[in-house]
Amino acid sequence: MPSIYHIAIADDWEPSLRIASYEAATRGVLWEPGDHIRAVTAAGVQDVLDRHYQDLDLPLLLVELDPEGLAVAGVDVEQDAGSDEARVLGPIPSADPAAVVSVRPLERVDGRWRAPGL
């Protein structure tokens, strides 16, 4: 399975590095057992930014996740065939380089959040 991506508010992601566990499901919503953290394929990043984050004026990060690395860490990923959406079924091990491939700051261009070329 190729990489999946989670959009994180920087103020949520950075503290997770100290405890090695990121638990924000999506903007303003914490992960709870039995629920999931939202992620998308590369093709879905801009759509998620457009639908859910354009009104937000806080630093955002694009977190690239390796589904196989997450599985090794004990965190399953579900993705429906033909869908850009994925569900990370547990907290993200934020300090695990096998699970977290990269973390990049997102930029606003002409007042709009833009996905980098993926």
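The figures that follow rest on heavy atoms only: side chains count, while hydrogens, waters and symmetry mates do not.
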Next on the checklist: Test side-chain contact (heavy atoms from CB on, under 4.5 Å) on Val40 and Ile4; report intermediate values, then the result.
Outcome noted: CA-CA 5 Å; Val40 293; Ile4 56 173; over 6 Å; no

Point-to-point distance, once rounded to the nearest 0.5 Å, from [atom1] of [X] to [atom2] of [Y]:
X     : Y      : atom1 : atom2 : answer
Ser94 : Glu14  : OG    : CD    : 11.0 Å
Ile37 : Leu70  : CD1   : CG    : 9.0 Å
Gln54 : Arg108 : CD    : CZ    : 6.0 Å
Asp55 : Trp113 : CG    : CH2   : 11.0 Å
Leu49 : Leu60  : CG    : CG    : 7.0 Å
Ile9  : Tyr53  : CD1   : OH    : 6.0 Å

Show me, pair by pair, the donor-acceptor contacts under 3.5 angstrom made by side chains of residues 95-103, not counting sequence neighbours?
{"unit_1": "Asp96", "atom_1": "OD1", "unit_2": "Ala98", "atom_2": "N", "d": "2.8"}
{"unit_1": "Ser102", "atom_1": "OG", "unit_2": "Glu64", "atom_2": "OE1", "d": "3.0"}

Checklist entry - Any side-chain heavy atom of Leu106 within less than 4.5 Å of one from Leu61? => result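 No. Closest side-chain heavy atoms not under 4.5 Å.
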
Checklist entry - Given side chains that start at C-beta, do those of His36 and Val88 come closer than 4.5 Å, heavy atoms only? => result no

With a 4.5 Å cut-off on side-chain heavy-atom distances among I, L, V, M, F, W and Y, is there a chain of contacts connecting [X] to [Y]?
X     : Y      : result
Ile19 : Leu65  : no
Val72 : Ile92  : no
Val48 : Val109 : no

Verify, without hydrogens or angle tests, whether [X] (side chain) and [Y] (backbone) share a donor-acceptor contact under 3.5 angstrom.
X     : Y     : result
Gln79 : Ser83 : yes
His6  : Arg38 : yes
Ser3  : Asp66 : no

Checklist entry - Looking just at side-chain N and O atoms, do Glu23 and Ser21 make a donor-acceptor pair shorter than 3.5 Å? => result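 Yes, Ser21 and Glu23 have a side-chain donor paired with an acceptor closer than 3.5 Å.
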
List the residues meeting side chain to side chain donor-acceptor pair (under 3.5 Å) with [X], not counting sequence neighbours, and say none if there are none.
X     : value
Glu85 : none
Glu78 : Arg87
Asp11 : none
Asp84 : Thr41

Next on the checklist: Test of understanding: with ring pair (Phe, Tyr, Trp, His ring centres under 6.0 Å), list the residues that count as partners of Trp13, not counting sequence neighbours.
Outcome noted: Tyr22

Next on the checklist: Looking at every non-hydrogen atom in both residues, tell me the closest pair between Pro91 and Val75 and how far apart they are.
Outcome noted: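 The pair with the smallest heavy-atom distance is O-CG2, 3.4 Å.
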
Next on the checklist: Using every non-hydrogen atom in the two residues, find where Gln46 and Ala115 come nearest and quote the distance to one decimal.
Outcome noted: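 Closest approach of Gln46 to Ala115: OE1-N, 2.7 Å.
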
